[in-house]
Structure formats: C-alpha cells, structure tokens
Amino acid sequence: MRGVETVLFLVVVATVVATFAKRLRVPAPSLLVVAGVVVGLLPGVPVVQVTPDVISLVVLPPLLFAAGEELPWRDLRAVGRPVAVLSVGLVLLSAAAVIGTAVAVTSLPVGMAFVLGAVLASTDPVAVTALARRLALPPRVQALIQAESLFNDATSLLLFRVALFLAVAGGAASWGRTLGEFAALAGGGVAVGVLTAIGAFVIRRRTEDPVLETVISLVTPYAGYVVAESVGGSGVTAVVVASVILGTQAERLTTARIRLQVGAVYQTVVFLLESVVFGLIGLQLPALVRRVAGGSAWWLLQAVAIAATLVMARLLLVFVLSALRQRRADGRISWQVPAVVSWAGARGVVPLAAALSLPVATLDGSALPARELVLLLTSAVIVLTLVVQGFTLAPLVRLAGIALDPADLRTEYGTARRKLAEAGLSHLEHLAETESAPEFVVDQLRASWQARLDRVRGEDKTGDKTGDETGDPVRGIDYRALRRELIDVETAELTRLFEAGEITDGTRRRVQRLLDLEHAALED
C-alpha cells in the first residue's frame, strides 16, 4: 500500500468512524486511534513508515492554527497566570517524573530516558482541542485546557533539544546555553508569530477575492512555521501566536461571504488532517510492537506505568495549585474543575513528531541506543491517553457537573438574538427620527425586525432560522444598503455582549454565522 493509497484509505475510514462517533456520542479521535490499531493488526497490512516532516511540516501547522483561532482573547487573558505556571512548571515536573519511571521500569539508559521524558512532557494541542471541542465546558475551563496545550510546547521542545544534545553528542548541558536556547525558541517563535499575523492581516485586508483569501489563510500557518524554524525559533509557538492574533481580528479581516467560505474550507482541511494523523498513530503501533517487542507484553506494562506517571504528576500539580488559589479566594476547596483539567492532558501529534525526529545514529557514528523503544513507548502512551482519557473525559465532565446546561445555552442564544433585534429596531427608530433614510424602507424593515423580535421572544426552542417570515417586498438598492447597515449594528452589539461577558464564545460564533449568512445573501 503506497502513501497516497494509505491516506485515501484513512480518509474513508475516518468518514465512517466520524459517523459512528456522532451516533455513539464518543470522541472521533479516540475512535480513530482504535480503528487504526485494529487495521494495523489485520494480517497482510503493510508497514506504514511516517516521516517527521509529514507530521511536523504538513499536518501540524494548519491544525495548530485552527486550534489557536478557536481560543478567544477574552478567555485567554482570564487564565493567563495559571497557563504560564502549567506551561513551564508542569512540563518540568512531568519530564522529571517520566525520567524516574523510565529508568525504573525500562531498559533505557538515563540519556534516552531524558529524551522520552522531554517528548511526553507536554500535552498535545491538536489532541486536546479535538477532545474538548465536543464538550460544553465553562469558557475559562475550556480556555485553560486549550491555552496550556498550545503554549507549553516551547518548554517541552527546549527540553527535547537539550536531551537530544546529551544523547547524541554525549556532552554536558550548560545553563547559559540552555537559557539562550529557550529565549531563541520562545522569543523567536513569538516574534515570528506576530510578524506573520501582521503580514497576513495587511494582505487579507486588501484582498476581496474569495479564492485568494482562502489560499492566503491556508498558507499563513505554513509560512509562520517554516520561517520560525529557519531562524531557530519555535514553529509551533509562531503558529499559535499568529492564530490567536488573527482570531481576534476575524470580523475585521474579511467580508461575510469570505468568512463563510474560509470557514468551510478549514473545517474540511482539519477533518481530513485529523483523520489521517490519528489513524496513523493507531496504525503504526502494531508494526512497532512486532518490530521492537516481539512476543513480549512487557512494553505494555511499561507504557501503562509511564502514562499513569504523567497522570499522577498532572493531578498533583493541578490540585495543589487549585487548592492554594481557592483558599485565597473563599476558603472552600472543590475537586470538580481540577479533576477535569487534570484528566484532559492527552498526548498526540506533537510528541509523535518529536519522537519520529530522533536521529538514527550519534555524532560518532554509532547507533542511537534504544531509539525504537522510545518510539514504541511514545506511540503506546499516546494511544493510551487518547483512548482511556478520551473515552472517559465526557463522563467525568458529567459527573463533575461543570458542563454548561443545554437549556442555559438555549436561553443565552435566544437572549443574544433578542438583544440584537432590539439594537436593530433602536437604530431604525433613530433613522426615522433623523430622516436619514427613505421612510417606506424604514417602515418595511421596522416591520421585519419587529416580527423577528416577536418570533425570538415566542420561541421555546431557538433554531438557526434566518431571514424574515413576513417577506421582503422591497428589494431596491436602498433596502439592501440599509439592511446591511442593520446587520453591522447587530454585529457591533454581538461584540459588545461577548466582551461584556454576557455570552460565551460558542454563542457568539453561532450568532455571527447567522449574521454572515444573512449579509452574504444581500450581496450582489
């Protein structure tokens, strides 16, 4: 089975799996990994060789970009301090814990145990975002989980480079060199990310062609990643910074029609890439087991011990930090949020790319010791976290009782639409008083918006209906221009509601899509 055939096969499998995942209400990434393992166990299935360039250069940038754009700046600011602590402290603690466990239960030398600890130290933004996307978590909890997974990679990549230097060159690490590399990784990544966002913003503001806009949007994460890596910075950090910045400017960058098209294209790209990468993770594990472990099952016990160590280290630090913070706040200590945050630490694409990038030989030409075992244990831990934590995260959220109530979300959505309609009516009244628009056009739109407001107030369950049930008998230029003006007023009100904390990001995105659809229908 050649590479292209493998990719097509995984896409077909992913489509089937995604269908069943929705019906079974289970996370698609976890089910994809299981499907990949099952396929890999079938007799006659050829060995799949995944190169690090495919993962880190082709797959990772757009998935990171999509995850970063989903992170609202308002929620990110609210969790900035805990994210900073977890992005550094938890990575160091996890790496140290894995090193100790690996030395105790595996045959890895200390240097390669350090490499394994650095590879598995950070949570994976692609896996965490894919798992958390289907859960109705409170905004701050969702932001904390996603932001930590997005920003802890600079620390883990620094550890990985230091560990790789020790294992490959056999040298001693220097504190000065280590701090310099961290500054280059983090600082270079942030700088390139900001410049990438500025460049993309300037270009996209001057682009009105939907095809060019879509191409620029797709090229942006690749450009940021490649430039950052070429100057010694963190490509992951550059993509994340660029995506967060551009995500805050989405409504200013493009028109409604282009936003709809780019959104649809990105959803398709993310689905295809996630399908391929999670399927590949599962597919390569059986081949690694046959090649490295033979008939022994000792590797599975080692992987379980390392995965448990990661979970325990995460539980320890998250609960300690949460207890200290809650004692300062009101003296009460609860377990619900720390438990969910701790259990959301899945590994995935980034650790896999790091493990695959391990060289085959050291600088003196000898074979890198236990390279295949590190790759096997990394893949096994990734599969374990995606399957065990992936399948149990939603039940834990329900048990903890922190998920947003669907009834409350429906109420919030209805309230947002009502306030937008009221803002539109208020603007029409202002136009009528100042005689700034033709009277008959204002009357027609006032009737339409009043009918919309009455309908929203009377709906027990809000749907995704757009337009006006009363009909629009006036279709002239004045009518379309004034209606677009009303949609702009509603968009401004939607932004105000979100920035004031009255609605969640999910509601904002849902209502914004309705406004974009309505605006696009009025374009020539």
Side-chain angles (χ1 to χ4, degrees), residues 51-69 71 73 76 80 83-84 86-88 91-92 95 115 118-119 121-126 129 146-166 168-169 173-203 216-248 348-359:
T51 63
D53 289 341
V54 170
I55 299 296
S56 60
L57 185 58
V58 178
V59 174
L60 197 54
L63 294 182
L64 287 172
F65 194 81
E69 278 195 319
L71 188 61
W73 178 248
L76 178 59
V83 165
L86 294 176
S87 297
V88 178
V91 170
L92 298 177
V115 170
V119 167
S122 64
T123 56
D124 182 73
V126 177
T129 302
Q146 283 190 237
E148 181 218 344
S149 66
L150 285 166
F151 289 103
N152 60 14
D153 292 295
T155 308
S156 64
L157 287 173
L158 170 66
L159 281 179
F160 178 69
R161 290 191 182 185
V162 172
L164 198 58
F165 173 76
L166 294 175
V168 174
S174 164
W175 282 108
R177 176 174 177 174
T178 300
L179 292 176
E181 286 196 14
F182 182 79
L185 276 172
V190 170
V192 172
V194 171
L195 292 176
T196 301
I198 293 174
F201 181 85
V202 171
I203 296 173
I216 294 169
S217 180
L218 289 173
V219 169
T220 298
Y222 291 110
Y225 188 92
V226 171
V227 172
E229 290 291 323
S230 65
V231 299
S234 168
V236 171
T237 302
V239 174
V240 170
V241 170
S243 63
V244 171
I245 294 175
L246 291 173
T248 63
V349 182
V350 174
L352 178 64
L356 288 171
S357 67
L358 288 173

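One is the number of the first residue; the rest follow in order along the sequence. As a basis for the values below, the full set of heavy atoms in this structure was taken, side chains included, without hydrogen atoms, waters or symmetry mates.
Note that the OG atom of S357 and the CD1 atom of I55 stand 11.5 Å from one another [nearest 0.5 Å]. Rounded to the nearest 0.5 angstrom, E69 CD and T248 OG1 are separated by 9.5 Å. Rounding to the nearest 0.5 angstrom, the gap separating the OG1 atom in T123 from the CG atom in N152 is 4.0 Å.
Every residue two or more places apart in sequence or in another chain that forms a side chain to side chain contact (heavy atoms under 4.5 Å, CB included) with I198 is listed here: V194, V202. With sequence neighbours excluded, the residues satisfying side chain to side chain contact (heavy atoms under 4.5 Å, CB included) with A118 are L159, F160, A163.
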Check against side-chain contact (heavy atoms from CB on, under 4.5 Å), V226 and L57: CA-CA 8 Å; V226 171; L57 185 58; 3.7 Å; yes
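Taking each heavy atom of A95 and A121 in turn, the nearest pair found is CB-CB, 3.9 Å. Residues E148 and S87 share a closest heavy-atom pair of O-OG, 4.0 Å. Between G224 and T196, the shortest heavy-atom contact is CA-OG1, 3.5 Å. Scanning all heavy atoms of the two residues, the minimum distance from A354 to V119 falls at CB-CG2, 4.2 Å. When all heavy atoms are compared, the tightest approach of S217 to F65 is O-CE2, 4.4 Å. Closest approach of V241 and G193 over heavy atoms only: CG1-C, 4.0 Å.
Contact of the P359 side chain with the L164 side chain is registered, since non-hydrogen atoms from C-beta on lie closer than 4.5 Å. At a threshold of 4.5 Å between non-hydrogen side-chain atoms, the residues L358 and V115 count as touching.
Checked by atom type and distance alone, the side chain of S122 never pairs as donor or acceptor with a backbone atom of V91 at under 3.5 Å.
For residues 218-236, the side-chain hydrogen bond (donor to acceptor under 3.5 Å, both in side chains) pairs, not counting sequence neighbours, are S234-T237.
With V239 as the fixed residue, the side chain to side chain contact (heavy atoms under 4.5 Å, CB included) test singles out one of V244, L60, L63, L64: L64.
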